[in-house]
There are 2 protein chains.
Amino acid sequence: MAISKRKALSENQIQLIAKALADPRRYEILRRLGDHENALACGTVLECLEISPATLSHHMKELKTAGLVQQVRKGKFVSYLPQRDVLEAYFERLRKDLI
Amino acid sequence: MAISKRKALSENQIQLIAKALADPRRYEILRRLGDHENALACGTVLECLEISPATLSHHMKELKTAGLVQQVRKGKFVSYLPQRDVLEAYFERLRKDLI
DNA sequence: TCGATATTTCGACAACTATCGAATTGATGA
DNA sequence: TCATCAATTCGATAGTTGTCGAAATATCGA
């Protein structure tokens, strides 16, 4: 089949994604992740945004819970990988619901 | 030209839309508006959702501020018209930023 | 103009959330 | 094992927001 098959998002995940996108800081983080094909290191994000490590950790947790990023650990360091297919599924759902 | 021309959304409006979509009640309202080609009456929405008139008014104001609906007054009654082009512009922007 | 109905605004309150410093956990290299 | 650095969790706080009842505003028909 030509059409990509994505797993449908639950009502709950739709809400989690919407909330995740609604915070400017998280949006900015996602935007930066989107720029990079590879995973982006936690420390790198921290350099760009002027927030404390605790706050970043909080936001990344929200993004993980929403399924928008995946976490990769390499020794001491943590990186994040954007989950583009989840975003695509979200867009698709929004279009179906609202347009 | 075949391609629709949409006015670009400001940073601020992007945030307003994201916030507007993040509330389950507002999402539900938008979903119902999306179902109807014509404008949907305030009272009709009120019958569907179990919220007070004051709360509905609050949410509709948020949706208006975000540019997602337009308000039409017919005498005593108020109806709302979904602004599908704004939603489209929003999707387009998200895709450009995040994918 | 007046009374009735629809919607909005106001004021208050509870729930939620972004933020940070401090304490904690995880992982490495010496 | 221990010192060190990265990241997370905890606890507290300030700001935001969803909610409603009551008061105010808007519009119509009599």
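Labels below follow one simple rule: chain letters A, B, ... track the order of the sequence lines, proteins then strands, and each chain is numbered from 1.
- You'll find the side chain of A:Ile29 reaches within 4.5 Å of the side chain of A:Leu56, heavy atoms only.
- With a 4.5 Å cut-off on side-chain heavy atoms, A:Val78 and A:Gln71 count as touching.
- The shortest distance between the side-chain N/O atoms of B:Gln71 and the OP1/OP2 oxygens of C:dT8 is below 4.0 Å.
- DNA chain C is contacted by A:Asp23, A:Arg25, A:Arg26 of residues 20-48 of chain A, taking any non-hydrogen atom closer than 4.0 Å.
- In this structure, the side chains of A:Tyr90 and A:Leu21 come closer than 4.5 Å at one or more pairs of heavy atoms.
- Residue-level contact check: B:Glu62 touches neither bases nor backbone, having no heavy atom under 4.0 Å from any strand.
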> Between A:Leu30 and B:Asp97, does a side-chain contact (heavy atoms from CB on, under 4.5 Å) hold up when you go through it step by step?
Replying inline: CA-CA 8 Å; A:Leu30 274 182; B:Asp97 275 359; over 6 Å; no
> So what does the secondary structure string of DNA chain D come out as, 5' to 3', with Watson-Crick or wobble pairs under 3.5 angstrom, [ ] for crossing and | for pairs with another strand?
Replying inline: ||||||||||||||||||||||||||||||
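- Remark: C1' of C:dA6 and CZ of B:Phe77 are 7 Å apart, rounded to the nearest angstrom.
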> What is the per-nucleotide protein-contact pattern of nucleotides 25-30 of chain C, from the 5' end, where B denotes a base atom under 4.0 Å from a protein heavy atom, S denotes such proximity for sugar-phosphate atoms only, and - denotes neither?
Replying inline: -BSS--
>> Run the side-chain contact (heavy atoms from CB on, under 4.5 Å) test on B:Val45 and B:Arg32 for me, step by step, so that the C-alpha distance in whole Å, both residues' side-chain angles and the decisive distance to 0.1 Å come before the verdict.
In response: CA-CA 8 Å; B:Val45 180; B:Arg32 285 177 192 275; 5.7 Å; no
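- Under the 3.5 Å distance criterion, the side-chain polar atoms of A:Arg73 are matched with a main-chain donor or acceptor of A:Gly75.
- Across the interface with DNA chain C, nearest-nucleotide mapping of A:Leu56 and A:Lys19 shows A:Lys19 to be the residue nearer the 5′ end.
- Computed from coordinates, the A:Leu49 CG to C:dC20 C1' distance equals 16 Å when rounded to whole Å.
- With respect to the salt-bridge test (charged N to carboxylate O, under 4.0 angstrom), the residues A:Arg25 and A:Glu28 do not qualify.
- Sequence neighbours left out, the pairs with a member in residues 36-45 of chain A that pass salt bridge (charged side-chain N to carboxylate O under 4.0 Å, His left out) are A:Glu37-A:Arg84.
- Between A:Leu98 and B:Pro82, the closest side-chain pair of non-hydrogen atoms is not below 4.5 Å.
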Under 3.5 Å donor-acceptor pairs involving side-chain atoms of residues 57-68 of chain A, not counting sequence neighbours:
from, atom 1, to, atom 2, distance (Å)
A:His59, ND1, A:Arg26, NH1, 3.1
A:Thr65, OG1, A:Lys61, O, 2.7

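- Side-chain atoms of A:Gln70 and A:Tyr80, non-hydrogen and from C-beta on, never get closer than 4.5 Å to each other.
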> Checking side-chain contact (heavy atoms from CB on, under 4.5 Å) for the pair A:Leu87/B:Leu94: CA distance, chi angles, key distance, verdict?
Replying inline: CA-CA 9 Å; A:Leu87 270 174; B:Leu94 284 189; over 6 Å; no
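- Per the geometry, CD1 belonging to B:Ile51 stands 14 Å off C1' belonging to C:dT8, to the nearest Å.
- Mapping heavy-atom proximity under 4.0 Å, the span of DNA chain D touched by chain A runs 5' to 3' from D:dC5 to D:dT9.
- A:His59 comes within 4.0 angstrom of sugar-phosphate atoms only, judged by non-hydrogen atoms across all strands, and of no base.
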